[in-house]
There are 2 protein chains.
Amino acid sequence: MPRPRVLPFIILGLLNKNGSMSGRDMIKEFKNEISEFWSVSHSQLYPELQRMLEEGDIEVRKGSSNLKVINYQITKNGIEKLNQWFSESINLKNDDLTSVKLYCIVDRRSPLLSEIFEKEFDLHNQKLKHLKERRQMLFQNQEQINNEYGHYLILTRAIRREKAYLDWLKMNKSKKNR
Amino acid sequence: MPRPRVLPFIILGLLNKNGSMSGRDMIKEFKNEISEFWSVSHSQLYPELQRMLEEGDIEVRKGSSNLKVINYQITKNGIEKLNQWFSESINLKNDDLTSVKLYCIVDRRSPLLSEIFEKEFDLHNQKLKHLKERRQMLFQNQEQINNEYGHYLILTRAIRREKAYLDWLKMNKSKKNR
DNA sequence: GACCGCATGTAACGCGTTACATGATTAA
DNA sequence: TTAATCATGTAACGCGTTACATGCGGTC
């Protein structure tokens with residue numbers, strides 16, 4: 001069994017947020033706003049849109065002003081799928097998509113937000129703990145560090161990165177949602 | 001023209017660092033040490049090893065104790081390719097591999113290190129500047145933030161991440177190399 | 001009417017994963 | 001000797017990119 005596709009969900013998230021978009025619009029939003037966390041090229045997007053049409057998650061918006069530009073909108077079917085995606089709990093496997101999910105949540109008071117923050121905090125706290133244990137185990141003295149300096153470097157970088165992310169999560173966890 | 005392969009270089013880096021390894025050894029090192037930054041599965045690795053054999057970058061080490069385990073070592077050809085990879089200058093396109101490159105550099109006094117730190121600093125300083133400009137442009141008041149809260153969140157996260165990385169780079173740039 | 005830009009479409013390929021297969025080594 | 005384990009191998013597919021193709025729409 002191959003891994004389930006994720007691009008459809010991201011497209012649904014965009015359509016749900018913006019109402020109606022053409023393929024071109026999506027490409028632009030991907031490139032300008034989400035490229036830090038996610039990327040897609042048009043040669044991947046257009047076939048996916050056709051497939052989603054067939055599966056009934058999106059539909060062509062009637063009355064387009066331009067013959068060439070095709071505007072899509074989400075269907076009830078699609079909204080259902082999207083909500084299911086949102087409510088899937090975060091784990092190590094799908095964590096790379098958490099930022100994209102966040103991006104699609106426009107309402108500051110959404111209960112999904114604090115859920116995500118809590119879960120992410122636990123997950124990355126665990127990760128930080130594991131990284132620190134590895135540093136402790138592998139690099140107990142200066143000689144071991146000098147013996148594999150590159151390895152030591154990227155381990156310290158990973159630890160820094162996780163710490164910074166946990167700080168950010170902590171800050172947002174403690175914020176009131178209004 | 002398809003994108004050039006990168007897995008061969010990483011394999012060369014490992015072999016250069018460790019002397020002689022079997023496919024299994026590489027898998028283990030990938031999983032245990034580099035998985036934070038890079039991953040590979042055996043079904044990708046083994047065909048790659050065969051291809052590299054054909055291309056003359058690696059060779060089978062003679063006198064293996066075990067009939068089944070195949071131990072590889074790097075050839076002169078391979079060392080040349082590896083050094084060329086190391087000396088390629090870092091840019092936005094190949095930046096995702098910088099951590100793996102670092103990992104393969106064992107010598108703390110290697111001149112490559114400070115080169116990488118300098119270049120990375122410039123690159124990510126630029127990135128941070130761009131992110132801050134976008135935040136400035138898109139979110140000038142609380143209303144705009146509340147209107148697209150998820151977008152605001154991931155933008156602030158990206159800014160934090162870049163700041164943390166720049167701090168780490170600054171720390172390592174200023175370290176004496178002995 | 002000739003030209004260019006742009007939204008959309010198609011093809012090929014590298015990257016990475018899961019699933020399944022094979023044959024050698026080791027354990028019972 | 002039978003069973004389990006393990007290193008290696010193969011297949012299919014989703015993800016993402018570059019290159020190339022098509023055809024509408026506007027500009028000169």
Side-chain angles (χ1 to χ4, degrees), chain A residues 1-11 14 20-32 34-55 58 60-61 64-72 85 91-97 99-100, chain B residues 1-14 20-32 34-55 58 60-61 64-72 85 91-97 99-100:
Chain A
M1 231 106 330
R3 181 206 288 182
R5 288 139 62 217
V6 296
L7 180 53
F9 293 109
I10 299 173
I11 292 172
L14 279 200
S20 160
M21 304 174 81
S22 69
R24 179 64 185 160
D25 295 333
M26 298 179 198
I27 297 287
K28 266 192 275 183
E29 184 151 350
F30 276 121
K31 193 173 164 213
N32 293 333
I34 321 179
S35 62
E36 287 295 320
F37 301 97
W38 186 258
S39 79
V40 78
S41 43
H42 73 272
S43 56
Q44 190 187 355
L45 178 66
Y46 288 118
E48 191 64 62
L49 287 173
Q50 284 169 285
R51 192 162 166 181
M52 292 172 72
L53 266 181
E54 285 167 23
E55 294 177 356
I58 60 176
V60 173
R61 184 187 180 145
S64 292
S65 60
N66 192 312
L67 285 182
K68 194 180 175 188
V69 175
I70 305 168
N71 281 290
Y72 298 93
W85 184 58
N91 57 52
L92 274 175
K93 292 280 176 191
N94 64 22
D95 191 27
D96 54 328
L97 292 180
S99 293
V100 186
Chain B
M1 231 107 327
R3 182 205 287 182
R5 287 137 65 218
V6 295
L7 180 53
F9 294 108
I10 299 172
I11 293 172
L12 290 177
L14 279 200
S20 159
M21 304 174 81
S22 69
R24 179 63 184 161
D25 294 334
M26 298 179 198
I27 297 287
K28 268 192 273 182
E29 183 151 351
F30 276 122
K31 193 174 166 212
N32 293 334
I34 322 180
S35 63
E36 286 296 320
F37 300 97
W38 187 260
S39 78
V40 76
S41 43
H42 74 273
S43 56
Q44 190 187 356
L45 179 67
Y46 289 117
E48 191 63 61
L49 287 172
Q50 284 169 283
R51 193 164 166 179
M52 291 172 73
L53 266 181
E54 286 166 22
E55 294 175 357
I58 60 177
V60 173
R61 181 185 181 149
S64 291
S65 60
N66 192 311
L67 284 182
K68 193 182 176 186
V69 175
I70 305 168
N71 280 291
Y72 298 94
W85 183 58
N91 57 52
L92 275 175
K93 291 282 176 188
N94 63 22
D95 190 27
D96 53 327
L97 292 180
S99 294
V100 186

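Residue numbers start from 1 in every chain, and the chains themselves are labelled A, B, ... in the order their sequence lines are given, proteins ahead of strands.
The side chain of B/K31 places no N or O atom within less than 4.0 Å of a non-bridging phosphate oxygen (OP1 or OP2) of C/dG16. Residue B/K93 places at least one side-chain N or O under 4.0 Å from the OP1 or OP2 atom of D/dT18.
Within 4.0 Å (heavy atoms only), B/S39 reaches sugar-phosphate atoms of the nucleic acid but no base atom. Using a 4.0 Å heavy-atom distance criterion, A/K28 is classed as making no nucleic acid contact.
Between the base of D/dT18 and the side chain of A/S43 there is a donor-acceptor pair shorter than 3.5 Å.
Judged as a side chain to side chain donor-acceptor pair (under 3.5 Å), and not counting sequence neighbours, the contacts of B/E29 are B/K17, B/N18, B/Y103. Under the side chain to side chain donor-acceptor pair (under 3.5 Å) criterion, A/S20 pairs with A/R61, sequence neighbours left out. Legend: residues meeting side chain to side chain contact (heavy atoms under 4.5 Å, CB included) with A/S22, ordered by chain and number and at least two apart, are A/R24, A/D25, A/V69, A/N71.
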Tabulate below the donor-acceptor pairs under 3.5 Å that side-chain atoms of residues 42-53 of chain A make, not counting sequence neighbours, or state none.
unit_1, atom_1, unit_2, atom_2, d
A/E48, OE2, A/R5, NE, 3.4
A/E48, OE2, A/R5, NH2, 2.6

### Query
Going through the distances and angles, do A/I34 and A/L14 end up as a side-chain contact (heavy atoms from CB on, under 4.5 Å)?
CA-CA 11 Å; A/I34 321 179; A/L14 279 200; 4.2 Å; yes
### Task
Go through the steps for A/F9 and A/L97 under the test side-chain contact (heavy atoms from CB on, under 4.5 Å), then give the verdict.
CA-CA 10 Å; A/F9 293 109; A/L97 292 180; over 6 Å; no
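Remark: B/Y46 in residues 45-54 of chain B come within less than 4.0 Å of DNA chain D through at least one heavy atom.
When the nucleotides D/dT17, D/dT8, C/dC15 are ranked by their closest atom to the side chain of B/V6, C/dC15 comes out on top. Looking at the side chain of B/R3, the nearest of the listed nucleotides C/dG16, D/dT17, D/dC15 is D/dT17.
Residues B/V100 and B/F30 are not in side-chain contact: their nearest non-hydrogen atoms beyond the backbone lie 4.5 Å or more apart.
Between the C1' atom of D/dA7 and the CD atom of B/Q44 lies a distance of 17 Å, rounded to the nearest Å. Atom CG of B/N71 and atom C1' of D/dC6 are 15 Å apart (whole Å). In this structure, the CG atom of B/N94 is 16 Å from the C1' atom of C/dC15, given to the nearest Å.
In this structure, A/D95 contributes its side chain and A/L92 its backbone to no donor-acceptor pair below 3.5 Å.
Each of B/S22 and A/H42 lies near DNA chain D, and the nucleotide nearest B/S22 is the one positioned closer to the 5' end. Mapping A/D25 and B/V40 onto DNA chain C by nearest heavy atom places A/D25 at the nucleotide closer to the 5' end.
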Tabulate protein N/O versus nucleotide N/O from nucleotides 3-6 of chain C, keeping only pairs under 3.5 Å, one per line.
unit_1, atom_1, unit_2, atom_2, d
C/dC6, O2, A/K68, NZ, 2.6

